[in-house]
Amino acid sequence: MAATMIKCKLCRRRSLLISDSMFNFRNIRELTCLFVVVCAMLSQSSADDGYERTTYDTEDFLKREYSLTKPYQGVGFSSSSHWDLMGTAMITPEHVRLTPDLQSRQGAVWSRFPCYIRDWELQVHFKIHGQGKKNLNGDGMAFWFTKERMNVGPAFGNVNQFTGLGVFVDTYPNQDKNHERGFPYISVMLGNGTLLYDHSRDGRTTELGGCTALVRNVNHDTFFLLRYYRNRLTLMIDIDGKREWKDCVDISGLRLPLGYHFGASSATGDLSDNHDLISMKLYQLTAERTPEEEEEEDVIIPMVENMTPFQVEVEEEETSGVQVFFTLFFSIVGLCVLGAIALMVYNRWKENSRKRFY
């Protein structure tokens, strides 16, 4: 009897050990699954819109008051909105459509709050697409960090005489009919309130730098990253769907005032496209500065050091053979006419001189 009771106790202990191990195994399995789910959610949130950021080795912080992301709750006409819509701009679940694929449209979105962050990084996710064939579409998009806001004009829906920074995604060659540069073309301009963006010349007279960016009608996401860090402006693009940044513009000694507004605008003319803004994310960068840099006074007008008035020289267009012929022809005709007039005046003077002697 005692032996039987001992066996029963041993069996009970063994069953308890087995159940405990199964319970622990089940807990471990559940914890593993939970860990995988949490990691997936974290990776998705850190790579919002399917993209993972890369920055300098500095601490950076997303500034939501200057960022525009889904579901666009802070965009609109309410008093609590952070962004104002303008013109044809409208909100959809997937993007803010600045202009539809229709002629003669202008639209924009502007931040209400001026930005007083000294070093920042702006990541822009956008899309340009439409029914028009290549070089039969237009006009493009522009992204701004300017003193002025909520204005209408010929520079992709904004004024062409502005104070601040403009980044232009130009999809139609107005002047470069010979395809000296590939379009779409992305460029950077710094305005001081007196310079004009010349849309008819694709902004070449005031361009600080740029590169070809084939962003229209592609099946993957397109991004650009604008970084202003210790008076250095860099522009990088990711337009190939490879999750890799490529250098486009690098400008040292560029100084921007504080208190400007971020914005995006677009325009169509006789040609058109859909111009969609998916997100604009602003990150504050933490920069270590020398005592001399800390003592630098904030500028009042945008400027580029060692460039006056930071206007790019554009080579004069080569004169064609027909133009040379007509120039020479009319020059010779003009000289002949002047010679004939001079001869007539001389003959008349000579005749009058003879009459005095008689």
Side-chain angles (χ1 to χ4, degrees), residues 48 53 55-69 72-86 96 108-125 142-151 155 158-159 161-168 188-195 208 224-236 249-265 277 279-305 310:
D48 191 13
R53 297 181 57 252
T55 61
Y56 286 148
D57 295 330
T58 59
E59 296 182 5
D60 51 88
F61 307 93
L62 176 65
K63 307 301 289 184
R64 298 189 182 278
E65 62 269 32
Y66 304 116
S67 298
L68 188 152
T69 57
Y72 312 117
Q73 293 179 348
V75 183
F77 303 100
S78 67
S79 58
S80 61
S81 297
H82 292 177
W83 296 81
D84 288 322
L85 295 176
M86 181 179 173
V96 177
V109 58
W110 284 95
S111 173
R112 286 187 178 180
F113 305 119
C115 180
Y116 291 94
I117 299 173
R118 193 168 184 180
D119 299 280
W120 47 263
E121 178 182 286
L122 181 69
Q123 179 184 305
V124 178
H125 184 186
F143 302 88
W144 309 93
F145 181 62
T146 57
K147 180 180 179 181
E148 307 85 6
R149 65 184 294 271
M150 299 293 286
N151 293 318
N158 190 25
V159 291
Q161 189 172 351
F162 57 91
T163 308
L165 188 67
V167 178
F168 309 107
V188 174
M189 173 185 167
L190 192 66
N192 60 4
T194 61
L195 297 179
L208 292 179
F224 77 77
L225 186 147
L226 188 68
R227 179 182 292 135
Y228 180 59
Y229 182 79
R230 298 182 65 179
N231 298 338
R232 179 182 179 185
L233 186 76
T234 54
L235 174 66
M236 293 179 282
V249 177
D250 192 341
I251 306 168
S252 299
L254 187 146
R255 302 184 63 186
L256 291 170
L258 301 176
Y260 282 9
H261 296 268
F262 288 100
S265 66
L277 176 61
S279 68
M280 290 176 65
K281 300 176 185 177
L282 185 76
Y283 295 86
Q284 180 177 2
L285 301 180
T286 303
E288 294 183 0
R289 298 181 180 275
T290 63
E292 292 78 11
E293 290 175 331
E294 291 292 345
E295 292 178 359
E296 285 184 357
E297 294 183 1
D298 294 328
V299 296
I300 300 176
I301 299 176
M303 59 175 293
V304 181
E305 297 174 1
F310 52 84

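- With ring centers used as reference points, Phe113 lies 6.0 Å or more from Trp83.
- Considering only residues two or more places apart in sequence or on other chains, Asp119 meets the salt bridge (charged side-chain N to carboxylate O under 4.0 Å, His left out) condition with Arg289.
- The closest side-chain heavy-atom distance from Ser81 to Arg112 is below 4.5 Å.
- Between Val124 and Leu226, every side-chain heavy-atom pair lies at or beyond the 4.5 Å cut-off.
- How far NE2 of His125 is from CG of Leu277: 9.5 Å, rounded to the nearest 0.5 Å.
- When side chains are defined from C-beta on, Phe168 counts as touching Trp144, because their heavy atoms get closer than 4.5 Å.
- Qualifying side-chain contact (heavy atoms from CB on, under 4.5 Å) partners for Thr194, counting only residues two or more places apart in sequence or in other chains: Asn192.
- Side-chain contact between Val159 and Thr146 is absent, with no heavy atoms from C-beta onward closer than 4.5 Å.
- Using modelled atom types, one side-chain atom of Glu148 and one backbone atom of Thr163 make a donor-acceptor pair closer than 3.5 Å.
- Side-chain contact check for Val304 versus Leu233: every heavy-atom pair is 4.5 Å or farther apart.
- If you take CD on Gln123 and OG on Ser279, they are separated by 6.5 Å, rounding to the nearest 0.5 Å.
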Given the rule in the side-chain contact (heavy atoms from CB on, under 4.5 Å) test, do Arg232 and Arg227 qualify, once you have shown the distances and angles that lead to the verdict? CA-CA 8 Å; Arg232 179 182 179 185; Arg227 179 182 292 135; over 6 Å; no
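- Looking only at distances, no side-chain donor or acceptor of Arg149 sits under 3.5 Å from a matching main-chain atom of Gly263.
- For Tyr228 (side chain) and Leu256 (main-chain N/O), a donor-acceptor pair under 3.5 Å exists by modelled atom type.
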Going through the distances and angles, do Val249 and Val167 end up as a side-chain contact (heavy atoms from CB on, under 4.5 Å)? CA-CA 11 Å; Val249 177; Val167 178; over 6 Å; no
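- Every residue meeting the ring-ring contact (aromatic ring centres under 6.0 Å, His included) condition with Phe262, not counting sequence neighbours, appears here in chain and number order: Trp120, Phe145.
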